[in-house]
Chemist: 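Structure incoming, see below.
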Amino acid sequence: MATLKEIAEAANVSVATVSRVLNDDPTLSVKAQTRQKILEAAERLEYKVQPSKRHSGHRLTFAALFTYKQGIEINDPYYLAMRYGIETQCEKLGISLVACYDFNGEKALPAADGLLVIGRPQPVLHEQLGQQKVPVVFLDGVVEDPQFDCVNVDLYKISQKVIDYFIGRGYSRIGFIGGRDDPAFADQREHAFVEYGRLKNVVQPQDIYIGDFSSQAGYQCAKRMLEDTSDYPPALLVATDSIAIGVLRALHEKGIQVPGQIALISVNDIPTARFIFPALSTVRIPSETLGAQAVNLLMERIRDERTIPLSIFVPSSLQLRDTTLA
């Protein structure tokens, strides 16, 4: 029987394209002429498609295991957009979706053809996932895993990008206001900020303030920072836009001018970031794309029966607005 490689050579295309055409991948955009060449080569070489549930009318079901409570989506649209990306892509591909919130290994895994794990999983859940054979994709929580696929944005690089921007604007002291899902584990943004900031000699321990990821926590952290109004960092990296909203409120109450006295850059670029006063300078993370790509990666792993885990990083971009000096 012919192989995919032989068909690819006959049609002068890649093996991946052959696989996706023969498996009727709905996400593939290919010219009709190219598709016809592949099908003709497959027929000429007497390629036999292996029977599987993908071709038997079976509708795939994915389970989205959110490691946090659903209420977090109300406080931070970043998570809401990520879920929307998952739901939209599943609908586009004809995949049924089951959503489970606050899922950290205390319950049995739902029956599904594939699992999407959103957020940092507790060790008990990670161990539970390793004991079953259903493919898994980690989203926005695990950077690399020797067994499962991962989709992320490079938060470490984001912190470096912001620090480099502030240094380039002449700032020699930069503060950080962030959050932690688990008090015992520093967020990647915090870890990178401390490590890279110390390397660049612009970070002092007293300029790091940690709460959770809510606007209220940002407000409280900023109030603590301003208790001694004569000594605060003139530039801030804030871990999320939601936290930054609370920070701006505290700065406004104290009469601190932004960006004149404190310049500020946050992360995520939620829809309201440009309408806040002053409009937030922020690092845009395409969270909807993160969700969609996690679905695509899981679909591809099932379709191609791939066994080697992949890690995908979705790029970010700095959006400069009114909380930084022009």
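Bear in mind that the values here come from a model prediction, so they are computed numbers and not experimental data.
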Chemist: Step by step, work out the side-chain contact (heavy atoms from CB on, under 4.5 Å) result for Phe213 and Ile243.
Modeler: CA-CA 6 Å; Phe213 287 99; Ile243 297 174; 3.9 Å; yes
Chemist: side-chain contact (heavy atoms from CB on, under 4.5 Å) between Phe277 and Leu248: does it pass, once the steps are laid out?
Modeler: CA-CA 9 Å; Phe277 182 79; Leu248 287 176; over 6 Å; no
Chemist: Of the options Thr240, Asp269, Asp241, which is the one that meets Thr282 in a side-chain hydrogen bond (donor to acceptor under 3.5 Å, both in side chains)?
Modeler: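 By the side-chain hydrogen bond (donor to acceptor under 3.5 Å, both in side chains) criterion, Thr282 pairs with just one of Thr240, Asp269, Asp241: Asp241.
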Chemist: Could you check whether any side-chain heavy atom of Ile174 comes within less than 4.5 Å of a side-chain heavy atom of Val162, counting everything from C-beta outward?
Modeler: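 Sidechains of Val162 and Ile174: no contact.
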Chemist: Looking only at side chains, do Gln319 and Ser317 share a donor and an acceptor under 3.5 Å apart?
Modeler: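 On atom types as modelled, these side chains qualify, holding a pair under 3.5 Å.
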Chemist: For Leu39, enumerate each residue passing the side-chain contact (heavy atoms from CB on, under 4.5 Å) test, keeping only those at least two apart in sequence or located in another chain.
Modeler: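 Applying side-chain contact (heavy atoms from CB on, under 4.5 Å) to Leu39 gives Val21, Leu22, Arg35.
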Chemist: May I have all residue pairs that pass side chain to side chain donor-acceptor pair (under 3.5 Å) and include part of residues 158-167, sequence neighbours excluded?
Modeler: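 Matches after skipping sequence neighbours: Lys161-Ser316, Asp164-Tyr196.
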Chemist: List the residues meeting salt bridge (Lys or Arg N to Asp or Glu O under 4.0 Å) with Arg301, not counting sequence neighbours, and say none if there are none.
Modeler: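 For Arg301, the residues satisfying salt bridge (Lys or Arg N to Asp or Glu O under 4.0 Å) (neighbours in sequence not counted) are Asp149.
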Chemist: Calculate, to the nearest 0.5 Å, the distance between atoms CG and SG belonging to Leu297 and Cys150 respectively.
Modeler: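 One gets 9.0 Å once the value is rounded to the nearest 0.5 Å.
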Chemist: Could you identify which residues cluster with Tyr84, counting Ile, Leu, Val, Met, Phe, Trp and Tyr as linked when any side-chain heavy atoms lie under 4.5 Å apart, either directly or through a chain of such contacts?
Modeler: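 Joined to Tyr84, directly or through intermediates: none.
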Chemist: Would you say Lys5 has more than 12 foreign heavy atoms packed within less than 6.0 Å of its NZ?
Modeler: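 Count not over threshold, so no.
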Chemist: Got a donor-acceptor contact below 3.5 angstrom from the Tyr209 side chain to the Gln206 backbone?
Modeler: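 Yes, Tyr209 side chain to Gln206 backbone: donor-acceptor pair under 3.5 Å.
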Chemist: How long is the gap from OG1 on Thr324 to CG on Leu280, to the nearest 0.5 Å?
Modeler: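 The distance works out to 10.0 Å.
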Chemist: Contact between Glu300 and Pro135 at the side-chain level, heavy atoms closer than 4.5 Å - yes or no?
Modeler: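 No, too far: nothing below the 4.5 Å cut-off.
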Chemist: Any side chain to side chain donor-acceptor pair (under 3.5 Å) pairs touching residues 116-129, not counting sequence neighbours?
Modeler: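 Residue pairs with at least one partner in residues 116-129: His126-Asp145.
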Chemist: For Ser214, give me all partners under side-chain hydrogen bond (donor to acceptor under 3.5 Å, both in side chains), at least two apart in sequence or on another chain.
Modeler: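 Ser214 satisfies side-chain hydrogen bond (donor to acceptor under 3.5 Å, both in side chains) with Asp212 once adjacent residues are dropped.
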Chemist: Is any side-chain heavy atom of Ile285 closer than 4.5 Å to a side-chain heavy atom of Ile158?
Modeler: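 Result yes, sub-4.5 Å side-chain heavy-atom pair found.
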Chemist: Hydrophobic clusters join Ile, Leu, Val, Met, Phe, Trp and Tyr when side-chain heavy atoms are under 4.5 Å apart, directly or via other members; which others share one with Leu115?
Modeler: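 Leu115 clusters with Leu65, Phe103, Leu109, Val117, Leu125, Leu129, Val134, Val136, Phe138, Val142, Phe148.
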Chemist: For the pair Gln261 (side chain) and Gln257 (backbone), establish whether a donor and an acceptor sit closer than 3.5 Å, ignoring hydrogens and angles.
Modeler: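 Yes: the side chain of Gln261 pairs with the backbone of Gln257.
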Chemist: Given 3.5 Å as the limit, does a donor-acceptor pair link the side chain of Asp113 with the main chain of Thr61, or not?
Modeler: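 A pair under 3.5 Å: yes.
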Chemist: Taking atom CD1 of Ile95 and atom CD1 of Ile302, what is their separation to the nearest 0.5 Å?
Modeler: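 Atom-to-atom, Ile95:CD1 and Ile302:CD1 are 7.5 Å apart.
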Chemist: Tracing side-chain links under 4.5 Å among I, L, V, M, F, W and Y, which residues wind up in one group with Ile308?
Modeler: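 Same cluster as Ile308: nobody, lone residue.
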Chemist: Between the side chain of Ser215 and the main-chain N/O of Ser242, is any donor-acceptor distance below 3.5 Å?
Modeler: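 Yes: the side chain of Ser215 pairs with the backbone of Ser242.
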Chemist: If we ignore hydrogens and angles and just use 3.5 Å, is the side chain of Thr323 paired with the main-chain N or O of Leu264 as donor and acceptor?
Modeler: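 Yes: the side chain of Thr323 pairs with the backbone of Leu264.
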Chemist: Determine the sole option in Val295, Leu298, Leu60 for which the side chain to side chain contact (heavy atoms under 4.5 Å, CB included) test with Cys90 is passed.
Modeler: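 Checked Val295, Leu298, Leu60 against Cys90; only one passes side chain to side chain contact (heavy atoms under 4.5 Å, CB included): Val295.
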Chemist: Using a 4.5 Å cut-off on heavy atoms from C-beta on, say whether the side chain of Arg180 contacts that of Glu190.
Modeler: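 Yes; the side chains approach each other to less than 4.5 Å.
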Chemist: Taking only residues two or more places apart in sequence, or in another chain, which ones meet Glu73 in a side-chain hydrogen bond (donor to acceptor under 3.5 Å, both in side chains)?
Modeler: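 Glu73 satisfies side-chain hydrogen bond (donor to acceptor under 3.5 Å, both in side chains) with Arg83, Tyr101 once adjacent residues are dropped.
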Chemist: Tell me whether Gln132 at atom CD has more than 12 heavy atoms from other residues, nucleotides or ligands lying less than 6.0 Å away.
Modeler: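 Yes.
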Chemist: Do the side chains of Tyr78 and Leu290 get nearer than 4.5 Å, heavy atoms only?
Modeler: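 A side-chain contact exists here, since the closest heavy-atom pair is under 4.5 Å.
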Chemist: Would you call Phe166 and Ile265 a side-chain contact if the rule is heavy atoms closer than 4.5 Å?
Modeler: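 In short, these two side chains touch, coming nearer than 4.5 Å.
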Chemist: Heavy-atom count check: over 12 atoms from other residues, nucleotides or ligands less than 6.0 Å from Arg249 CZ?
Modeler: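 No, because the 6.0 Å sphere around CZ of Arg249 holds 12 heavy atoms or fewer from other groups.
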Chemist: In Å, rounded to the nearest 0.5 Å, how long is the span from CD of Glu253 to OH of Tyr219?
Modeler: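 With rounding to 0.5 Å, CD (Glu253) is 3.5 Å from OH (Tyr219).
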Chemist: Give a yes or no on whether Leu199 and Ile163 share a hydrophobic cluster (residues Ile, Leu, Val, Met, Phe, Trp, Tyr; joining criterion: side-chain heavy atoms under 4.5 Å apart).
Modeler: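 Looking at the clustering, Ile163 is in the same group as Leu199.
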Chemist: Any side-chain heavy-atom pair from Arg321 and Pro278 closer than 4.5 angstrom?
Modeler: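 No - every pair of side-chain heavy atoms lies 4.5 Å or more apart.
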Chemist: Mind checking what makes side-chain hydrogen bond (donor to acceptor under 3.5 Å, both in side chains) contact with Asp187, not counting sequence neighbours?
Modeler: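 Asp187: side-chain hydrogen bond (donor to acceptor under 3.5 Å, both in side chains) contacts with Arg189.
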Chemist: Taking salt bridge (Lys or Arg N to Asp or Glu O under 4.0 Å) as the definition, give me every residue that meets it alongside Asp76, ordered by chain and number, with sequence neighbours left out.
Modeler: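 With neighbours one apart ignored, the set is empty.
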Chemist: The criterion is side-chain hydrogen bond (donor to acceptor under 3.5 Å, both in side chains); which residues satisfy it with Thr88, sequence neighbours excluded?
Modeler: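 Testing Thr88 for side-chain hydrogen bond (donor to acceptor under 3.5 Å, both in side chains), a comparison that skips the adjacent residues, returns none.
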Chemist: Can you find a heavy atom in the side chain of Phe176 that is under 4.5 Å from one in the side chain of Ile210?
Modeler: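 A side-chain contact exists here, since the closest heavy-atom pair is under 4.5 Å.
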Chemist: Would you compute the distance between atom CZ of Phe66 and atom CG of Leu139 and round it to the nearest 0.5 angstrom?
Modeler: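 Here the rounded value is 8.5 Å.
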Chemist: For the atom pair CD (Gln293) and CZ (Phe313), what is the distance rounded to the nearest 0.5 Å?
Modeler: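 These two atoms lie 14.0 Å from each other.
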Chemist: Take Ile256 and Met225 through the test side-chain contact (heavy atoms from CB on, under 4.5 Å) and record every step on the way to the result.
Modeler: CA-CA 12 Å; Ile256 304 297; Met225 180 185 71; over 6 Å; no
